[in-house]
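Since the model is a prediction, treat every value here as computed from it, not as a measurement.
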Number of protein chains: 2
Amino acid sequence: MPYSYEFQRPALTVDIVVFALDEDDLKVMLIERDLKPYAGRWALPGGFVRVEETLDDAARRELEEETGLTNIFLEQLYTFGALNRDPRERVVTVAYFALVNLEGHRVQASTDARNAAWFAVSDLPDLAFDHHQILDTALDRLRGKLRYQPVGFELLPKKFPLRSLQHLYEVVLDRELDKRNFRKKILSMDILVELKEIEKDVAHRAAKLYRFDKAKYDRKTRGGFNFEI
Amino acid sequence: MPYSYEFQRPALTVDIVVFALDEDDLKVMLIERDLKPYAGRWALPGGFVRVEETLDDAARRELEEETGLTNIFLEQLYTFGALNRDPRERVVTVAYFALVNLEGHRVQASTDARNAAWFAVSDLPDLAFDHHQILDTALDRLRGKLRYQPVGFELLPKKFPLRSLQHLYEVVLDRELDKRNFRKKILSMDILVELKEIEKDVAHRAAKLYRFDKAKYDRKTRGGFNFEI
DNA sequence: TTAGTATAGTGTCAAATGAACACTAAGGCA
DNA sequence: TGCCTTAGTGTTCATTTGACACTATACTAA
């Protein structure tokens with residue numbers, strides 16, 4: 001039973017850029033399309049917004065359906081409305097960007113009869129639609145956010161050594177950082193808690209583990225906070 | 001002749017938060033609604049996105065139709081998709097935020113049979129829909145942007161004394177700034193050009209006029225720029 | 001057991017930046 | 001000509017940033 005409207009309406013979708021971090025690279029989650037257009041091409045997970053769900057809900061639902069990821073950091077990115085982004089008809093998409101830590105959310109390959117996989121952002125295949133542009137926008141946003149908000153922790157496990165945090169900053173910002181200065185700076189922010197635990201099963205001297213203390217952060221966040229590293 | 005679709009589609013609109021600056025206040029442009037719902041209430045300018053126009057185009061068109069403003073700084077803000085933001089049906093709106101200088105764009109009161117007016121953001125009427133929330137989001141964005149991008153100049157005439165620029169920062173950031181430190185900082189950025197002109201018709205000592213030099217700015221913008229005042 | 005090796009962890013100094021602070025100069029006005 | 005209003009200008013101190021190198025610890029392999 002079709003629905004009719006006095007004026008033509010663009011279709012509305014959500015697309016999600018999910019970032020994760022492994023030993024070497026910043027990764028992004030892609031889905032292999034099984035339908036036309038762009039069948040066989042890799043694309044961002046996403047789909048149509050239902051009329052009875054919010055945009056955030058749509059993004060979380062699609063993400064779960066297509067990749068199995070739930071309960072992750074998710075934030076609206078930008079809305080893309082170019083006229084021919086989809087060859088079939090006018091489609092406006094609200095893009096989201098999400099951060100997960102690989103430990104907690106191991107790749108849940110094919111769900112929903114699709115193939116899902118992590119790709120290094122430095123070595124991507126051709127993408128469907130304007131998804132390359134969306135991804136570039138997400139990367140800019142990630143780099144920007146890292147500077148003034150403590151989102152990086154979303155990419156790490158709950159407990160992490162300072163090395164991992166520095167590595168995160170180095171990978172995302174794409175430059176090397178001085179270890180001493182980095183530690184001084186991060187610790188002086190006083191938003192990390194040193195745990196009574198050290199790394200295990202590590203080939204050499206084990207590092208202390210830390211966790212991000214959101215309560216501490218919230219207390220000092222009045223008037224902004226500078227994560228410039 | 002109605003259009004029909006297999007699934008129900010949300011309607012898609014744009015709404016624009018236009019900021020301007022006068023002697024005392026940061027102002028925002030509002031439209032008095034003549035139709036239900038919220039007839040007689042003030043609202044942000046905006047309207048439906050047509051299927052053959054981009055989101056940016058829709059925002060510019062609506063802005064011109066409803067307020068007469070053209071050729072101004074306009075940037076996408078955020079997309080609002082709560083289920084009951086519009087009592088009639090599901091409407092998703094892509095909000096924009098715009099900056100104008102009052103000199104060049106004097107209030108073009110009623111156009112399109114509507115009443116348009118500037119309101120001080122510190123003294124607003126009740127607004128229709130979720131427009132208060134949109135406006136708050138826009139204010140946050142303006143304050144944020146001012147810190148790391150030279151958007152403030154969009155609120156000033158082409159030629160302006162440093163006092164006006166400082167006043168802009170003080171009004172938007174809502175705190176007083178030290179005149180000497182402000183001048184030192186702004187001039188050290190080397191993005192302003194001192195003109196061979198001074199203020200006219202001013203009751204007391206006239207100040208030198210400056211203009212923003214976009215080319216200069218673009219040259220140094222590599223790797224970010226800090227407008228922290 | 002010991003030598004090797006890989007990563008953890010730590011401090012100083014110099015330069016740049018940020019914040020506080022007060023007076024003189026210019027020009028219109030009465 | 002005196003008054004009033006705004007323009008314009010430097011110094012000092014505290015803080016932050018950035019460059020830079022060595023010792024400590026723990027596992028591995030001979």
Q) For the base of D:dG8, is there a side-chain donor-acceptor partner from B:K179 under 3.5 Å away? A) yes
Q.
Measuring from the side chain of A:H204 (C-beta onward, heavy atoms only), which nucleotide among D:dA26, C:dA8, D:dC20 has the closest atom?
A. D:dA26
Q: Using the closest heavy atom to pick a nucleotide of DNA chain D for each, name whichever of A:N181 or A:A203 lands nearer the 5' end.
A: A:N181
Q) Does A:R60 pair with A:E64 as a salt bridge, N-O distance under 4.0 Å? A) no
Q. Checking side chain to side chain donor-acceptor pair (under 3.5 Å) against A:E199, which of A:K159, A:K208, A:H204, A:R163 comes through?
A. A:R163
Q) D:dG18 C1' sits how many Å from A:E176 CD, rounded? A) 15 Å
Q. With a 4.0 Å cut-off on heavy atoms, is A:K208 in touch with a base, just the backbone sugar-phosphate, or nothing at all?
A. sugar-phosphate
(Q) Below the 4.0 Å mark, does D:dT16 have OP1 or OP2 next to a side-chain nitrogen or oxygen of A:K185? (A) no
Q) Would you call A:E194-A:R211 a salt bridge at under 4.0 Å N-O? A) no
Q: Check whether the ring centres of A:Y210 and A:F160 lie less than 6.0 Å apart, and answer yes or no.
A: no
Q.
On the side chain of B:R205, is there an atom forming a donor-acceptor pair with the base of C:dA26 - under 3.5 Å, no angle test?
A. no
Q) Could you give the CD1-to-P distance, from B:I198 to D:dA7, as a whole number of Å? A) 12 Å
Q: Would you kindly give the CZ-to-C1' distance between A:F182 and C:dA8, to the nearest whole Å?
A: 14 Å
Q | Rounded interatomic separation in angstrom, taking CG from B:L209 and C1' from D:dT6 | A | 14 Å
Q) How close or far is atom P of C:dG28 from atom CD of B:E199, stated in whole angstroms? A) 12 Å
Q.
How many whole angstroms separate atom CG of A:L192 from atom P of C:dG9?
A. 13 Å
Q. Can a salt bridge be assigned to the pair A:D218 and A:K214 using a cut-off of 4.0 Å between side-chain N and carboxylate O?
A. yes
**Q.** Touch class at under 4.0 angstrom, heavy-atom based, for B:R163 against every strand present
**A.** sugar-phosphate
Q. What is the distance, rounded to the nearest whole Å, between atom CG of A:L162 and atom C1' of C:dT10?
A. 13 Å
Q. Looking at C:dT12, does its base get a donor-acceptor pair with the side chain of A:K184 below 3.5 Å?
A. yes
**Q.** Minimum-distance nucleotide (side-chain atoms of B:R180 versus C:dC21, D:dC20, D:dG18)
**A.** C:dC21
(Q) Without decimals, in angstroms, what is the distance between B:Q166 CD and D:dT6 P? (A) 13 Å
